[in-house]
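What follows is a set of notes on a single structure, which appears directly below.
Every number for a ligand or one of its atoms is a count from 1 in the order of the listing.
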Amino acid sequence: NQNLLELQQNPEYWPTQLGNYQGNRYSQLDQINRDNVNDLRSVWQFSTGVLRGHEGGPLYVGDGRLYIHTPFPNKVFALDLEDEGRVIWSYEPDQDSRVIPVMCCDTVNRGLAYADGRLFLGQADNTLIALDAETGELLWDVSNGDHSVGETNTMSPLVVHDKVIVGISGGEYGIRGHITAYDVESGEMAWRGYSTGPDDEVLIDPSVTLMMGEPIGEADLGLTTWPEGEWERGGGAPWGWVTYDPDLDLIYYGTGNPGTWNPEQRTKDGEPADNKWAITVFARDPNDGSVKWVYQKVPFDEWDYDGVNENQLIDVEFNGEERKGLAIIDRTGFGFLLDRETGELLVAEKFAPETNWADSYDMETGRPNVNEQYSTYRQGVNVNTTDICPTAMGAKNMQPSAYSPKTGLLYAGINRICMNYEPYETDYVAGQPYVGATLTMMPAPLQNGGMEGRMGSFIAWDPVAGEVVWEIDERFAVWSGALATAGDLAFYGTLEGHVKAVDIETGEELWRFKTPSGIIGNVNTFMHEGKQYVGVLSGVGGWAGIGLAAGLEDPEEGLGAVGVFSALGDYTKLGGVLTVFALPD
Ligand SMILES: O=C(O)c1cc(C(=O)O)c2c(n1)C(=O)C(=O)c1cc(C(=O)O)[nH]c1-2
């Protein structure tokens, strides 16, 4: 989209949730820098009036306003940046609250998209809407799914050319994942690509679509790698982030776990089957949805390692050659580097050293070398496989990473949690959970020292060397999106509610501020009339904070999250607030 391309070229703006199409979450602004960040202070705060988990962050496109959203009921606010957040307009969709119990991991929403004077929002109930950014008037709405069968929406749409692109959630309800493009002007559907099923519905051409740099060759793998009919409830929900390369004209996103979590029910002829295309990175042509390449990170998932983490588009030097790279700090505990033109796998190394479900990746086949001891399928149905690392939440969940072209490093909040996983036989009933596993979770054992009992850290990752450069331990998982700036700073939030700024080269903490609730939103920055601001939504929740958000107390509830995060309530309570920071005049 021409307008978005222009907006993202202006360093003063923050026009998409990830800061730019490439997903870098990097700002060239340096008014706030490592020499003066100590003076950063809150200039105003705004309470959203909504209690549950606040993901995503404010957009700024140069009109003196911040555009923010909330979890269900998905209110939208245009706030006056100069007038301490005065409400210019607000919008509240009329939604059926019966969607709430079918949202797996809190009633979160990862935010608005903007283009050409319009705002786009994917409501929890699957209604995609376009609003006039000037007035808040509803321009069109369209239904992208049916919550009565467990389809919901939490993701942020992305506008590419004249299309708004959105996925769907429901991997825990036996839905069939898809990504869909709608016309920006009219809301009319342009194309839909499914994650599972026959090639003509996934939009794969096996003679053209690449896998590990070669044409797939075999037809209908999205059908033949499943037991009879299971692909129809096979999950693979793309509920995370979409990034875009304007030069190659390709969008990138990943698909979630295959349903059910009981791997035994996804075998074919008594053998593990790949369950394609769950947990797969897709590169698609945004014009017609056709698939340029695929890379399945975890064939035959046995741990719920949804492959939806953001695909960071970065240019790298690899073995002395310039490569168009795609870097992922992945849920599996591995950091991947791929060639984003062909989908070839270049690097797969552990960023979380406790990771034990696989020892390594076979760089020829692109498949993980699974460790039998932690294979929930090999251990068997109704057997509790213990001490698997990472947990089903992954070593990193949806919290988006940042990339600094100055350091060539990625920065991300990660999770240091392991699990016990017991699969059980489950029946599919439309609109009911199709999980088939009981989980308990515990802090990851320390490998190289660190803070006893810690459940999170913030890391700097070298995507080419495949190495952690520095890391900071945190008491709880870091469920907030990172920001990197030309002021030599990295920012992130903690589940206790701190927003922190650290030296981008050493990780030394330079500043912190305690917001009113735990942070699962992303730290964004922008400049208005010569002043650089930092803005972040606090409001604890998400899967990590589901105990607090949904009022759950049984340790096994929240798919095992309630137990391991039971101490979180000693540090924070619910409530959505936007805090905006700047340096004193
Ligand atoms: O498979 C799915 O459809 C699906 C959806 C979502 C979601 O929409 O939030 C999450 C997950 N899975 C999931 O596995 C997960 O870890 C998760 C964490 C969160 C969150 O916002 O904290 N959402 C989700």
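For M393, no nitrogen or oxygen atom sits less than 3.5 Å from a nitrogen or oxygen atom of ligand 1, counting backbone and side chain alike. By the 3.5 Å distance cut-off applied to N or O atoms, V108 is not counted among the residues near ligand 1.
Y434 has its ring centre no less than 6.0 Å from the ring centre of Y173. Aromatic ring centres of F334 and F351 lie farther apart than the 6.0 Å criterion allows.
In this structure, a donor-acceptor pair under 3.5 Å is present between the side chains of D125 and Q123.
Remark: R266 is positioned above the aromatic ring of F300, its terminal NZ or CZ atom under 6.0 angstrom from the ring centre and at most 45 degrees off the axis. Seen from the ring of Y361, R367 does not count as a face-on cation partner, given the 6.0 Å and 45° thresholds. A cation-pi arrangement is absent between R331 and Y305, since the terminal nitrogen or guanidinium carbon is not both under 6.0 Å from the aromatic centre and inside a 45° cone about the axis.
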Stepwise side-chain contact (heavy atoms from CB on, under 4.5 Å) check, Q312 with L326
CA-CA 5 Å; Q312 281 260 9; L326 179 156; over 6 Å; no
Query - Check against side chain to side chain donor-acceptor pair (under 3.5 Å), N74 and Q95 - result: CA-CA 9 Å; N74 306 134; Q95 289 190 79; 2.8 Å; yes
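Listed by atom number, the atoms of ligand 1 under 4.0 Å from G170 heavy atoms are 2 (C), 3 (O). Every atom of ligand 1 with a heavy atom of T154 under 4.0 Å away is listed here by number and element: 7 (C), 8 (O), 9 (O). Close contacts of ligand 1 with C104, meaning ligand atoms under 4.0 Å from a residue heavy atom, involve 4 (C), 5 (C), 6 (C), 10 (C), 11 (C), 12 (N). Counting the atoms of ligand 1 from 1 in the order shown, those under 4.0 Å from a heavy atom of S169 are 3 (O), 5 (C), 7 (C), 8 (O). Near G542, meaning under 4.0 Å from one of its heavy atoms, ligand 1 places the atoms 22 (O). Distances below 4.0 Å separate heavy atoms of N257 from the following atoms of ligand 1: 1 (O). Close contacts between ligand 1 and A237 involve ligand atoms 3 (O) [criterion: under 4.0 Å to a heavy atom]. The distance from ligand 1 to the heavy atoms of G171 drops below 4.0 Å at these ligand atoms: 1 (O), 2 (C), 3 (O).
In this structure the side chain of V435 reaches within 4.5 angstrom of the side chain of L559, judged on heavy atoms. Side-chain contact check for L483 versus W14: some heavy-atom pair is nearer than 4.5 Å.
Nearest protein neighbour of atom 19 (C) of ligand 1, counting heavy atoms only, is C105 CB, 3.6 Å. Counting protein heavy atoms only, atom 18 (C) of ligand 1 is closest to N397 OD1, 3.1 Å. With respect to atom 20 (C) of ligand 1, the closest heavy atom belonging to the protein is E55 OE2, 3.3 Å. Looking at atom 11 (C) of ligand 1, its nearest protein heavy atom turns out to be W239 CZ2, 3.1 Å.
Using a 4.0 Å cutoff on heavy atoms, W479 counts as a contact of ligand 1.
One option in R110, R331, Q399, E172 has a heavy atom closer to atom 14 (O) of ligand 1 than any other, and that option is R331.
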